[in-house]
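The structure appears below as structure tokens.
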Amino acid sequence: MDPLSVLYIALAFAVLILAVVVSIAMWGIRRNVEHLAQRLDESLRQIEMTSEDLRKTHASIRDVVSGLDRAVSNVTHFTEGVRALRGPVDIALKVLDHSVSPAMVGFAGGLAGIKAAVSHIFRSVVGKEEKR
């Protein structure tokens, strides 16, 4: 065997070994790329689910905020109603203080007087009958 044939055989083995090593390296790289693609797909799925949850939460929060807005509006309306009612209530209280209260005191006094008179008359009639 001449040295050139040995060189060609050695080069052939080197190329064969290089091809096997490159194939193994490419196979490992392909496996890693598939693994990365799978992880990326799972991450994207998680991001999609999280964004859907955020959308639902946002809708719920928006409903709560609109309910709070209505409640604040109702409280404001009630407060304005109470403020508007304060004037007529003050007038009614003044009327009660100046006219109805004295009239009721007079009426109560009259009832007390009538009761006292009836009681006095009753005692007089009953008292005279007991003396007889």
Side-chain angles (χ1 to χ4, degrees):
M1 243 194 214
D2 64 1
L4 195 57
S5 296
V6 173
L7 181 63
Y8 285 146
I9 292 173
L11 284 176
F13 277 125
V15 168
L16 184 64
I17 291 173
L18 180 66
V20 169
V21 169
V22 169
S23 295
I24 292 172
M26 294 293 281
W27 181 68
I29 291 171
R30 179 178 170 216
R31 209 175 71 212
N32 287 337
V33 167
E34 286 176 355
H35 184 69
L36 285 173
Q38 181 183 3
R39 286 232 166 166
L40 182 64
D41 187 44
E42 290 173 3
S43 297
L44 290 175
R45 228 179 288 130
Q46 287 293 327
I47 289 171
E48 182 182 338
M49 290 187 333
T50 304
S51 64
E52 182 65 23
D53 289 345
L54 285 174
R55 185 193 64 78
K56 288 177 183 177
T57 303
H58 177 69
S60 299
I61 289 173
R62 189 174 44 205
D63 289 344
V64 168
V65 168
S66 67
L68 288 175
D69 190 33
R70 284 192 299 269
V72 167
S73 175
N74 289 340
V75 168
T76 303
H77 182 68
F78 178 74
T79 304
E80 290 172 0
V82 168
R83 284 183 186 149
L85 186 63
R86 187 183 305 162
V89 168
D90 287 343
I91 292 171
L93 286 175
K94 286 179 184 177
V95 167
L96 182 69
D97 285 343
H98 295 337
S99 62
V100 175
S101 289
M104 290 179 78
V105 168
F107 181 70
L111 283 177
I114 291 172
K115 179 187 175 220
V118 168
S119 176
H120 178 70
I121 292 171
F122 183 71
R123 285 186 186 156
S124 296
V125 171
V126 171
K128 288 182 179 179
E129 289 180 2
E130 287 181 3
K131 289 181 182 178
R132 291 188 192 171

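For the numbers below, each heavy atom of this structure counts, side chains included, while hydrogens, waters and symmetry mates do not.
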Could you tell me the separation between the OG atom of S119 and the CD1 atom of I114, rounded to the nearest 0.5 Å?
13.5 Å
To the nearest 0.5 Å, tell me how far I29 CD1 sits from L36 CG.
11.5 Å
To the closest 0.5 Å, what do you measure between CG (N32) and CH2 (W27)?
10.0 Å
Any residue meeting side chain to side chain donor-acceptor pair (under 3.5 Å) with R45, in chain and number order, not counting sequence neighbours:
D41
Considering all heavy atoms of both residues, which atom of S5 and which atom of D2 are nearest to each other, and what is their separation?
OG-OD1, 2.6 Å
Run the side-chain contact (heavy atoms from CB on, under 4.5 Å) check on H120 and R123 step by step: do they pass?
CA-CA 5 Å; H120 178 70; R123 285 186 186 156; 5.8 Å; no
I9-V6 co-clustered via ILVMFWY side chain contacts under 4.5 Å
yes
Would you compute the distance between atom CG of D53 and atom CD of E48 and round it to the nearest 0.5 angstrom?
11.0 Å
Atom NZ of K56 and atom CG of L54: how far apart are they, to the nearest 0.5 Å?
11.5 Å
Reported NE2-to-CG distance for the pair H77 and N74, which is rounded to 0.5 angstrom:
8.0 Å
Using only atom types and a distance under 3.5 Å, with no angle test, would you say the side chain of S73 pairs donor to acceptor with the backbone of D69?
no
Is it true that E34 and R31 have a side-chain N and a carboxylate O under 4.0 angstrom from each other?
no
Quick one: do M26 and L18 end up in the same hydrophobic cluster if we chain Ile, Leu, Val, Met, Phe, Trp and Tyr together by side-chain heavy atoms under 4.5 Å apart?
yes
Looking at residues at least two apart in the chain, or sitting in another chain, which of them share a side chain to side chain donor-acceptor pair (under 3.5 Å) with T79?
none
